[in-house]
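By convention in this document, chain letters (A, B, ...) are assigned in the order of the sequence lines, proteins followed by strands, and residues within each chain are numbered from 1. We use all heavy atoms of the structure for the numbers below, so side chains are in, but hydrogens, waters and symmetry mates are not. This is a predicted model, so every value here is computed, not measured.
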Amino acid sequence: MIEEKSQNFIEEIIEEDLKNHKYTQIITRFPPEPNGYLHIGHASSICLNFGLTKKFGGYTNLRFDDTNPVTEETEYVESIKEDVKWLGFEWGNELYASDYFETLYKYAIQLIQEGLAYVDDSSSEEIASLKGTPTEPGKNSPFRDRSVEENLEFFTKMKAGVFPDGTKTLRAKIDMAHPNMLMRDPVLYRIKHAHHHRTGDKWCIYPMYDFAHGQSDSIENVTHSICTLEFVPHRELYDWLIEKLRIFPSKQYEFARRNLTYTITSKRKLLQLVNEKFVDGWDDPRMTTISGMRRRGFTPESIRDFCERIGVAKRENLVDMGLLEFCVRDHLNKIAQRRMAVLDPVKLILINYPEGQVEEVMSENNPEEENAGGVRPLFFSRELWIEREDFMEVPAKKWFRLAPGAIVRLKSAYIVKCEGFKKDDKGNITEVHCSYIPESKSGSDTSGMHVKGTIHWISVPHAGIAEVRLYDRLFNVENPAVDDGDFRTHINPDSLRIIKKAYIEASLKEATAGEKFQFIRKGYFTLDKYSTPELPVFNRTVTLKDTWAKESKK
RNA sequence: UGGCCUAUAGUAUAAUGGUAGUACAACAGAUUUUGGUUCUGUCUGUCUUGGUUCGAAUCCAGGUAGGCCAACCA
């Protein structure tokens with residue numbers, strides 16, 4: 001029996017179109033402007049567009065909407081390509097709106113010839129003041145009724161570079177009283193004597209988004225042009241142009257952009273965070289950019305899973321960051337190699353373990369895999385580093401880690417009993433003293449003892465050293481994007497904590513970039529780009545779910 | 001004195017005129033050499049008022065609430 005999986009509204013439309021033989025194959029496109037790095041919101045759009053053609057047959061183009069040379073750069077083009085590939089998608093064609101500048105120019109001439117566009121000498125302020133408001137109609141420009149010949153002559157001269165920036169525009173001749181503001185003679189072309197990242201200095205007039213996007217879709221025979229809700233009013237203009245130009249009718253469908261708690265997905269604001277050094281570049285692990293998440297240790301699988309789970313709809317939304325964390329834990333749990341690392345060390349001395357003795361114990365690499373993913377050796381000795389938080393001088397209720405008189409298992413090694421501890425003048429614990437139970441060794445335990453707690457450890461003489469970076473949310477309010485002042489005032493000052501000297505087990509010294517680890521009981525980690533052979537630097541992707549942290553707050 | 005879009009548990013999303021379901025979160029328990037994982041169970045929902053209908057989350061009308069539209073940005 002085939003399980004009926006519910007479809008989103010766009011999938012339903014496509015299925016219907018296919019059933020009615022409206023199209024034989026589906027063509028979509030992902031159309032970023034190369035003026036910033038991709039973020040989690042784009043991931044949602046990428047998964048949707050590429051996922052649709054994967055599911056229904058066809059292909060998805062990667063098209064850069066590069067119609068504004070002032071803000072666009074090749075660096076962004078490269079990062080976008082890398083991110084889409086990393087997410088696991090292959091585009092049908094790599095295209096640029098700037099590839100169509102010649103065609104678009106011809107379209108503009110066509111409109112002028114048919115009396116549907118005119119050259120306006122008004123300044124941007126004048127255009128704005130004649131535009132009206134959402135509740136009041138606009139007024140016609142004094143240049144609206146120029147002859148076709150005059151329009152043709154001026155537009156040709158605009159292209160030839162005769163006029164300075166801002167002195168003339170080409171406008172569509174539609175209706176200045178139209179209830180849709182976008183239909184009130186929208187600007188089609190503007191003069192910009194600017195260098196374009198691909199066409200260089202060939203052009204000094206550039207089409208507006210509204211005169212490029214829809215036609216680009218049409219030129220590419222895009223069947224389903226999917227975008228976010230704020231473009232709903234543009235659809236009317238998009239359809240008007242397609243009709244007047246008599247070109248392939250791509251259809252636009254809009255969905256609600258995805259918002260995530262405690263994050264910002266505005267390229268402008270992300271750029272601000274980068275420029276004002278609140279973060280370490282676009283790929284800072286605290287950023288929900290694709291590159292930031294990659295550096296942080298997210299997997300493409302987990303991001304795709306997240307996008308799948310949040311779905312596609314048309315209503316306003318604010319998705320809980322907890323779901324993203326669930327998705328990455330879910331995947332990492334299956335694939336991450338278990339390792340031991342002590343982040344905040346305190347020394348544990350086994351008072352009945354012979355001085356100088358060293359033995360090897362075996363520990364499983366991943367209990368989720370068959371045969372526990374194999375085992376690796378760990379050195380065990382008399383002096384060990386353990387986590388400071390795993391000892392409590394005065395145990396809390398339901399505490400089952402170390403405390404005076406308590407017993408606990410050292411993961412993959414022996415059961416130990418706490419016999420005492422040492423403090424310095426300030427009252428800080430400096431040493432924990434335990435006796436070990438020789439017959440309790442993992443794998444050959446004949447002690448018959450039962451312990452509730454198991455803790456991780458690192459042998460003092462065998463410990464490696466690493467830097468560990470712990471991240472918290474970048475903003476301390478759920479929705480930092482709401483316009484009640486400067487979003488920067490919501491930045492969490494404690495979003496990054498660097499541990500300069502953490503102790504790691506020997507095998508971690510050979511960690512390579514991209515490998516995923518679970519530091520047992522501490523979370524998932526991956527190597528940062530600042531790692532060196534001398535000093536590995538680990539990023540914490542996400543903590544483990546911590547039921548005790550919740551319990552202890554009660 | 002406008003046009004357009006939207007409204008289902010805390011969050012996100014199904015149910016396409018016929019039993020309001022799923023996931024995350026929360027809570028309780030079982031298992032566990034990670035207070036992880038896994039498993040079991042519990043809690044919580046159709047914005048509102050009418051109408052159509054044998055029957056409405058679904059269709060219609062009014063209301064309410066939220067969002068988008070007045071860049072030579074995309």
Side-chain angles (χ1 to χ4, degrees), chain A residues 5-8 12 31-33 35 65-68 70-72 120 122-124 127-129 131-138 165-171 178-184 187-192 205-206 208-210 212-213 227-236 254 256 258 261 267-268 309-327 329-330 333-334 338 340 363-364 367-368 398-401 408-413 415 440 442-443 445 451-456 518-523 543-552:
Chain A
K5 212 193 162 237
S6 63
Q7 305 199 100
N8 64 51
E12 284 174 3
E33 185 191 11
N35 68 344
D65 262 348
D66 54 351
T67 56
N68 185 359
V70 181
T71 56
E72 295 152 8
D120 195 335
S122 307
S123 66
S124 62
I127 290 177
S129 72
K131 196 130 210 173
T133 69
T135 53
E136 292 166 287
D165 287 7
T167 52
K168 279 181 170 53
T169 57
L170 181 74
R171 291 229 260 166
H178 202 287
N180 180 350
M181 301 277 303
L182 283 156
M183 298 295 278
R184 318 240 261 229
V187 171
L188 269 21
Y189 266 93
R190 74 289 215 194
I191 302 170
K192 272 184 198 282
I205 56 171
Y206 291 94
M208 297 290 290
Y209 167 86
D210 278 328
H213 193 92
C227 62
T228 46
L229 246 26
E230 66 266 31
F231 292 98
V232 168
H234 295 247
R235 189 177 60 228
E236 196 172 7
E254 310 87 6
R258 322 309 314 204
T261 56
K267 278 200 240 174
R268 203 198 92 240
R309 283 169 187 268
I310 60 179
V312 177
K314 297 185 81 162
R315 71 175 114 140
E316 293 297 310
N317 61 79
L318 184 58
V319 181
D320 191 343
M321 175 64 94
L323 183 60
L324 216 208
E325 292 178 347
F326 167 82
C327 292
R329 284 188 187 116
D330 193 45
N333 175 51
K334 295 185 182 94
R338 312 293 131 121
M340 292 212 223
S363 194
E364 75 273 21
E368 300 300 311
K398 291 192 188 173
W399 176 259
F400 36 90
R401 280 120 90 160
V408 86
R409 171 163 306 267
L410 297 173
K411 172 75 181 170
S412 302
I415 293 174
S440 67
S442 280
D445 187 349
V451 295
K452 290 192 93 171
T454 298
I455 65 172
H456 60 280
Q518 183 197 104
F519 291 178
I520 287 180
R521 304 205 304 134
K522 299 308 310 180
T543 60
L544 258 30
K545 205 170 123 192
D546 191 349
T547 313
W548 168 248
K550 260 186 288 188
E551 182 68 34
S552 62

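- Taking only side-chain atoms of A:Thr133, from C-beta outward, the nucleotide of B:G35, B:A74, B:A70 with the closest atom is B:A70.
- Note: A:Tyr209 and A:His234 have perpendicular aromatic rings, judged against thresholds of 30 and 60 degrees for the angle between ring planes.
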Protein-nucleic acid N or O pairs under 3.5 Å, nucleotides 23-27 of chain B:
residue: B:A23; atom: O2'; partner: A:Arg309; partner atom: NH1; Å: 2.7
residue: B:A26; atom: OP1; partner: A:Lys550; partner atom: NZ; Å: 2.6

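- Rounded to whole Å, the P atom of B:A14 lies 14 Å from the corresponding atom of B:C59.
- Residue contacts for A:Thr67: at a heavy-atom cut-off of 4.0 Å it reaches the sugar-phosphate backbone alone, with no base atom in range.
- Between B:U8 and B:U48, the two C1' atoms lie 15 Å apart (nearest whole Å).
- Interface remark: the A:Glu368 side chain does not form any donor-acceptor pair with the B:U38 base, using a distance-only criterion of under 3.5 Å.
- Within the structure, a side-chain polar atom (N or O) of A:Arg521 is placed less than 4.0 Å from OP1 or OP2 of B:G35.
- Which of B:C72, B:C4, B:A74 sits closest to the side chain of A:Tyr209 comes down to B:A74.
- In this structure, the side chains of A:Thr454 and A:Arg521 stay at 4.5 Å or more apart for every pair of heavy atoms.
- The pair A:Lys550-A:Asp546 does not count as a salt bridge, with every side-chain nitrogen at least 4.0 angstrom from each carboxylate oxygen.
- Comparing B:U52 with B:G45, their P atoms sit 29 Å apart, to the nearest whole Å.
- Panel note: side chain A:Arg184, backbone A:His178; a donor-acceptor pair is recorded below 3.5 Å.
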Dump every N/O contact between nucleotides 42-48 of chain B and the protein below 3.5 Å, one line per pair.
none

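- Partners of A:Lys398 by salt bridge (Lys or Arg N to Asp or Glu O under 4.0 Å), not counting sequence neighbours, listed by chain and number: A:Glu551.
- Applying the side-chain hydrogen bond (donor to acceptor under 3.5 Å, both in side chains) test to A:Thr547 and every residue at least two apart in sequence or in another chain returns nothing.
- Looking at heavy-atom distances under 4.0 Å, A:Ile455 makes no contact with the nucleic acid at all.
- Remark: A:Asp165 pairs with no residue by the side-chain hydrogen bond (donor to acceptor under 3.5 Å, both in side chains) rule, at least two apart or across chains.
- At a cut-off of 3.5 angstrom, counting only N and O atoms as typed in the model, there is no donor on one side facing an acceptor on the other between the side-chain of A:Glu236 and the base of B:G3.
- Looking only at side-chain heavy atoms (C-beta outward), A:Cys327 and A:Arg309 come within less than 4.5 Å of each other.
- At the heavy-atom level, A:Lys398 lies under 4.0 Å from base atoms of the strands shown.
- Nucleic acid contact class of A:Leu544 (heavy atoms, under 4.0 Å, all strands): base.
- Applying the ring pair (Phe, Tyr, Trp, His ring centres under 6.0 Å) criterion to A:Phe326, with sequence neighbours excluded, gives no partner residue.
- Between the P atoms of B:U42 and B:C24, the separation comes to 16 Å (whole Å).
- A:Arg329 is linked by a salt bridge (Lys or Arg N to Asp or Glu O under 4.0 Å) to nothing, counting only residues two or more places apart in sequence or in another chain.
- With sequence neighbours excluded, no residue forms a ring pair (Phe, Tyr, Trp, His ring centres under 6.0 Å) with A:His456.
- Side-chain contact between A:Asn68 and A:Arg190 is present, with heavy atoms from C-beta onward closer than 4.5 Å.
- For A:Ser412 and B:U33, a side-chain-to-base donor-acceptor distance below 3.5 Å is absent, hydrogens and geometry of angles not being considered.
- Formation of a donor-acceptor pair under 3.5 Å by the A:Ser440 side chain with backbone atoms of A:Ile415 is found in this model.
- For B:C73, one of the phosphate oxygens OP1 or OP2 lies less than 4.0 angstrom from a side-chain nitrogen or oxygen of A:Lys192.
- Among the protein residues, A:Pro367 comes within range of the nucleic acid bases, having at least one heavy atom under 4.0 Å from a base atom.
- Straight-line distance from the CD atom of A:Glu364 to the P atom of B:U33: 11 Å, rounded to whole Å.
- With sequence neighbours excluded, the residues satisfying salt bridge (Lys or Arg N to Asp or Glu O under 4.0 Å) with A:Arg235 are A:Glu254.
- A:Asp66 meets the salt bridge (Lys or Arg N to Asp or Glu O under 4.0 Å) test with no other residue; sequence neighbours excluded.
- Between the CG atom of A:Asp330 and the C1' atom of B:G36 there is a distance of 12 Å, given to the nearest Å.
- Taking the O4'-C1'-N9-C4 or O4'-C1'-N1-C2 dihedral as appropriate, B:A23 has a value more than 90° from 0 and is therefore anti.
- Spacing of C1' atoms, B:A57 relative to B:U13, comes out at 14 Å, to the nearest Å.
- Backbone-only contact: A:Val312 has heavy atoms under 4.0 Å from sugar-phosphate atoms and none from a base.
- Heavy atoms of A:Glu136 sit nowhere under 4.0 angstrom from any nucleic acid atom.
- Remark: the separation of the C1' atoms in B:A15 and B:A20 is 7 Å, to the nearest Å.
- Residue-level contact check: A:Ser122 touches the bases, meaning some heavy atom is under 4.0 Å from a base atom.
- The separation between A:Arg171 atom CZ and B:A71 atom C1' is 13 Å, rounded to whole Å.
- At B:A74, one or more side-chain N or O atoms of A:Arg190 fall inside 4.0 Å of OP1 or OP2 (strictly under the cut-off).
- Residue contacts for A:Gly443: at a heavy-atom cut-off of 4.0 Å it reaches a base atom on one of the strands shown.
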*Map every base of RNA chain B to its dot-bracket character, where paired means a Watson-Crick or G-U wobble contact with both distances under 3.5 Å and | marks a partner outside the strand.*
.((((((..((((....[..)))).(((((.......)))))....(((((..]....))))))))))).....

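- The gap from the C1' atom of B:G55 to that of B:G2 amounts to 39 Å, rounded to the nearest Å.
- Nucleic acid contact class of A:Tyr206 (heavy atoms, under 4.0 Å, all strands): none.
- Residue A:His213 is classed as having no contact, given no heavy-atom separation below 4.0 Å to the nucleic acid.
- Under the 4.5 Å side-chain criterion, counting only non-hydrogen atoms from C-beta, A:Leu188 is not in contact with A:Arg171.
- Checking B:C69, B:C73, B:G35 against every side-chain atom of A:Pro134, the shortest atom distance belongs to B:C69.
- Side-chain atoms of A:Arg315 come within donor-acceptor range of the base of B:U8, with a qualifying N/O pair under 3.5 Å.
- Residues A:Glu236 and A:Leu182 are not in side-chain contact: their nearest non-hydrogen atoms beyond the backbone lie 4.5 Å or more apart.
- Contacts of A:Tyr189 with the nucleic acid, taken as non-hydrogen atoms under 4.0 Å apart, are absent.
- If you check every strand for non-hydrogen atoms under 4.0 Å, A:Asn68 touches sugar and phosphate atoms only.
- To the nearest whole angstrom, the two P atoms, one in B:U53 and one in B:G3, are 30 Å apart.
- Using a 4.0 Å heavy-atom cutoff across all strands shown, A:Asp165 reaches no nucleic acid atom at all.
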Between N or O atoms, less than 3.5 Å apart, protein on one side and nucleotides 62-64 of chain B on the other: list the pairs.
none

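- Here A:Thr547 reaches the OP1 or OP2 of B:G36: one of its side-chain N or O atoms lies under 4.0 Å away.
- Side-chain atoms of A:Arg409 and base atoms of B:U33 include a donor and an acceptor less than 3.5 Å apart.
- Under a 4.0 Å N-O distance rule, the pair A:Lys411/A:Glu364 qualifies as a salt bridge.
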